[in-house]
Amino acid sequence: MHKTFKKKERLFKRNLIKELFAKKSSYFYLYPFKMVYQFLPAQDSDHQGVQVLFTVPKRNFKRAVDRNHIKRLFREAYRNNKHLLSNKNNLVIGYIYTSSKIEEYIFLEKKLKQSLERLSNEVNQAIENESKI
RNA sequence: AAUGCAAGGGACCUUAUCGCUUCGAGUACAAUUCGAAGAGGAAAGUCCGGGCAGCAUAGGGCAGCGUACUUCCUAACGGGAAGGACUGAUAAAUUUAAGUUUUUCAGUACAGACAGUGCAACAGAAAGAUACCGCUCCGCUUGCGGAGUAAGGGUGAAAUGGUGGAGUAAGAGCCCACCGCAAUACCGGGUGACCGGUUUGGCAUGGUAAACCUUACGCGUUGAAAGACCAAAUAGGUACUUCUGGCCUCGUUUUUGUUUUACAGAAACUGGUCAAUGGGCGGCUCGUCCAUGACUCUUAUGAGCAGAAGUAUGGGUAGGUUGAUGGAGCACAACAGCAAUGUUGUGCCUAGAUAAAUGAUAAGGCACUUUAUAGUGGACAGAACCCGGCUUAUGAACUUGCAUUCUAU
């Protein structure tokens, strides 16, 4: 699998983002970020695969340079580790950076890896439950 | 030499790997492959000015807002250049002194106070017309009154030219000399602000316009989330065509189809019902009673109204395309100009994203720190339609200027 990160894999539709941050979505905290995710109805053929969104709040980082830098680190880390979610479909993910200081790339990558593994497990469980029923 | 302040240029370079955005090439498209390009001096603040676009708009005036020494530059500006005046500092010259002249540097919202209205705390006698103390004269009751007086005292941010003389009761530009000041006078220089000289004037025309105000000039308004185009699903709109005319059917009649006495459909009659209309009564968002009604009009074809179905179509939402990056463009040279800047020639194409691309990792060079190993790439800060400015932010080192301290001569 190529380590690409094209527009297809990014979350940019306004309505989808609204839905993602509505109350229904599941989420968990893992320093230094918060992860929000949601499964979409399967019949929607528009968005196959996984779509991701990264945000950094302006409250903690007033300069746009810092916000851009963190988002770029996020993107790089996700790009290198997205194979963990390779066979998942119809999944929308949002990352919110909650720390108030800029972390190292290596640390961020490790944590992002953990979050992806955890999400992958939850997805597998959900699929198993559905098949049991 | 050190420290501090201000100004200035400058804002590490090259290559590889994995990625992102745009453009170009190749195959029928996509995916993929190859090649090229990809943040700043302030991209920031959004403070001015313009382009561009929509809307508005006869012409003029008032109001409101802005600007305010002169000339020039510019698409335009509240920006810039050159110059003038004033203020402050500095050094020198001159004068008895006050002051004046010149050198260098810095600063100035720098039009108008004989158009009008207003304002000036405290102090002070008095702040726009004034006598508190003092000085002088006169009167008498001998410590008071009247008159004159801005030389002296004191107050204040500000008190009505300065020095000397003459003069006087005491004084005073009342008069004189020198200095200063004013002038819508005259002469000369300058495009002009203004400058120099002459003459005149005793100089009583106080200050404040970052108080109202007056004068001159300028300003329509909104803002790329502008504007233009394409356009799914769903629900409305419009047009046409067809069908139906409140609902129910125990019963009767007629008629059509299938397979016959049965079944299904249609029409009419009767009956029921009331959700439609009108009226009466009551306990009045309702109930009850009565009447009308089988949608209305027309002799009829048909027309109107309401509903259903079908077809076509307009606007328009999600979404997409465009606006949107070849321009008041950049580099170099020549010429014009003191300069800002302009003209001409040659060469170049240099981000264009859209929930928003420029990142990560490594190697080498270079710079700095450190004895070295090693470390760091340092500040301010991320394009969002595009330009011209202004303002603010900016580490270390370097260059220039100024100030202070120390050392040496």
Side-chain angles (χ1 to χ4, degrees):
Chain A
M1 183 170 189
H2 290 281
K3 292 181 175 179
T4 55
F5 188 58
K6 300 253 174 193
K7 191 166 178 181
K8 237 185 190 178
E9 305 169 38
R10 277 181 246 145
L11 179 59
F12 62 93
K13 294 259 183 187
R14 195 171 298 173
N15 291 341
L16 277 180
I17 294 166
K18 262 185 201 166
E19 242 175 78
L20 175 64
F21 289 105
K23 289 176 186 172
K24 290 177 184 174
S25 301
S26 328
Y27 64 91
F28 57 82
Y29 288 94
L30 181 67
Y31 182 85
F33 50 74
K34 173 187 177 183
M35 192 177 186
V36 184
Y37 59 95
Q38 194 177 26
F39 300 102
L40 292 172
Q43 66 267 20
D44 257 343
S45 58
D46 286 350
H47 15 68
Q48 301 163 340
V50 186
Q51 287 191 319
V52 194
L53 166 87
F54 307 101
T55 68
V56 181
K58 199 174 183 179
R59 201 191 312 155
N60 296 339
F61 299 94
K62 289 188 175 170
R63 291 185 303 174
V65 177
D66 297 336
R67 294 198 298 274
N68 278 349
H69 184 64
I70 291 168
K71 279 196 266 185
R72 281 165 185 159
L73 291 179
F74 256 128
R75 207 174 295 142
E76 184 70 10
Y78 177 78
R79 187 175 68 78
N80 284 327
N81 294 287
K82 66 170 183 173
H83 54 86
L84 294 170
L85 289 175
S86 56
N87 27 4
K88 309 296 180 296
N89 274 332
N90 300 318
L91 191 59
V92 175
I93 306 176
Y95 280 100
I96 304 172
Y97 195 78
T98 52
S99 174
S100 57
K101 61 177 182 184
I102 303 172
E103 298 288 351
E104 291 284 321
Y105 171 70
I106 297 168
F107 177 78
L108 191 67
E109 188 177 9
K110 196 178 90 185
K111 288 291 184 177
L112 192 120
K113 223 169 169 177
Q114 287 179 13
S115 75
L116 287 179
E117 282 167 359
R118 182 170 163 182
L119 181 64
S120 180
N121 290 335
E122 292 192 16
V123 170
N124 287 336
Q125 280 185 6
I127 292 171
E128 281 176 22
N129 290 342
E130 278 183 17
S131 61
K132 276 179 191 172
I133 294 164

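Labels below follow one simple rule: chain letters A, B, ... track the order of the sequence lines, proteins then strands, and each chain is numbered from 1. Heavy-atom basis, side chains included; hydrogens, waters and symmetry copies ignored.
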J.: Which heavy atom in A/P57 sits nearest to a heavy atom in A/R67, and how many Å separate them?
T.: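 For A/P57 and A/R67, the tightest heavy-atom pair comes out as O-CD, 4.2 Å.
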
J.: For B/rA113 and B/rU101, measure between their P atoms and round to the nearest Å.
T.: 24 Å

J.: How many Å lie between CD1 on A/I70 and C1' on B/rA355, as a whole number?
T.: 17 Å

J.: If you only use heavy atoms from C-beta on, which nucleotide in B/rG382, B/rG359, B/rA355 is closest to the side chain of A/H69?
T.: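 Among B/rG382, B/rG359, B/rA355, the one nearest the side chain of A/H69 is B/rG359.
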
J.: Provide, to the nearest angstrom, the distance between the CZ atom belonging to A/R67 and the P atom belonging to B/rA381.
T.: 12 Å

J.: Any idea which of B/rA360, B/rA355, B/rG382 is nearest the A/L73 side chain?
T.: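 Out of B/rA360, B/rA355, B/rG382, the nucleotide with an atom closest to A/L73's side chain is B/rA360.
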
J.: Anti or syn, where syn is a glycosidic angle within 90° of 0; which label fits B/rA39?
T.: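 Classified syn.
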
J.: Could you tell me the separation between the NZ atom of A/K71 and the P atom of B/rA355, rounded to a whole number of Å?
T.: 11 Å

J.: Could you tell me how far B/rC284 sits from B/rA308 if I compare only their C1' atoms? Round to whole Å.
T.: 39 Å

J.: Distance check, P atoms only: B/rC250 and B/rG265, in whole angstrom units.
T.: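 That atom pair is separated by 11 Å.
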
J.: Where does B/rG236 fall, syn or anti, if syn means a chi angle no more than 90° from 0?
T.: syn

J.: When you compare B/rU399 with B/rA363, how far apart are their C1' atoms, in angstrom units rounded to a whole number?
T.: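 Roughly 36 Å separates the two C1' atoms.
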
J.: Among all residues two or more places apart in sequence or in another chain, which pass the side-chain contact (heavy atoms from CB on, under 4.5 Å) test with A/L73?
T.: A/H69, A/Y105, A/L108

J.: Side chain of A/N68 only, heavy atoms from C-beta on: which candidate in B/rU358, B/rA39, B/rG359 is closest?
T.: B/rA39

J.: Starting from P on B/rA360, measure out to CG on A/L112 and report it in whole angstrom.
T.: 16 Å

J.: Looking only at heavy atoms, what is the nearest atom pair of A/V56 and A/Y97, with distance?
T.: CG2-CB, 4.1 Å

J.: When you compare B/rA264 with B/rG278, how far apart are their P atoms, in angstrom units rounded to a whole number?
T.: 41 Å

J.: What does B/rA36 pair with, Watson-Crick or G-U, if both distances are under 3.5 Å?
T.: B/rU22

J.: Determine the Euclidean distance between corresponding C1' atoms of B/rC137 and B/rU117; express it in Å to zero decimal places.
T.: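 About 45 Å, rounded to a whole number of Å.
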
J.: Nearest-nucleotide wise, let me know which of A/E76 and A/V65 is further upstream toward the 5' end of RNA chain B.
T.: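 By nearest-heavy-atom nucleotide position, the 5'-most residue is A/E76.
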
J.: Say you pick atom C1' in B/rU222 and the same atom in B/rA334; how far apart are they, in whole Å?
T.: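 Roughly 47 Å separates the two C1' atoms.
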
J.: Under 6.0 Å between ring centres, would you say that holds for A/F74 and A/F33?
T.: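 Here the rings of A/F33 and A/F74 have centres that are less than 6.0 Å from each other.
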
J.: Specify the separation, in whole Å, of atom OH of A/Y78 and atom C1' of B/rC18.
T.: 17 Å

J.: Holding to side chain to side chain donor-acceptor pair (under 3.5 Å), I want the full list of residues that pass it with A/R63, two or more places apart in sequence or in another chain.
T.: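 A/R63 satisfies side chain to side chain donor-acceptor pair (under 3.5 Å) with A/D66 only.
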
J.: Taking only N and O in the side chain of A/R75, is any of them less than 4.0 Å away from OP1 or OP2 of B/rA357?
T.: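 True: A/R75 side-chain N/O within range (under 4.0 Å) of B/rA357 OP1/OP2.
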
J.: Please report, rounded to the nearest Å, how far the P atom of B/rU21 is from the CZ atom of A/R72.
T.: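 My rounded result for the distance is 14 Å.
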
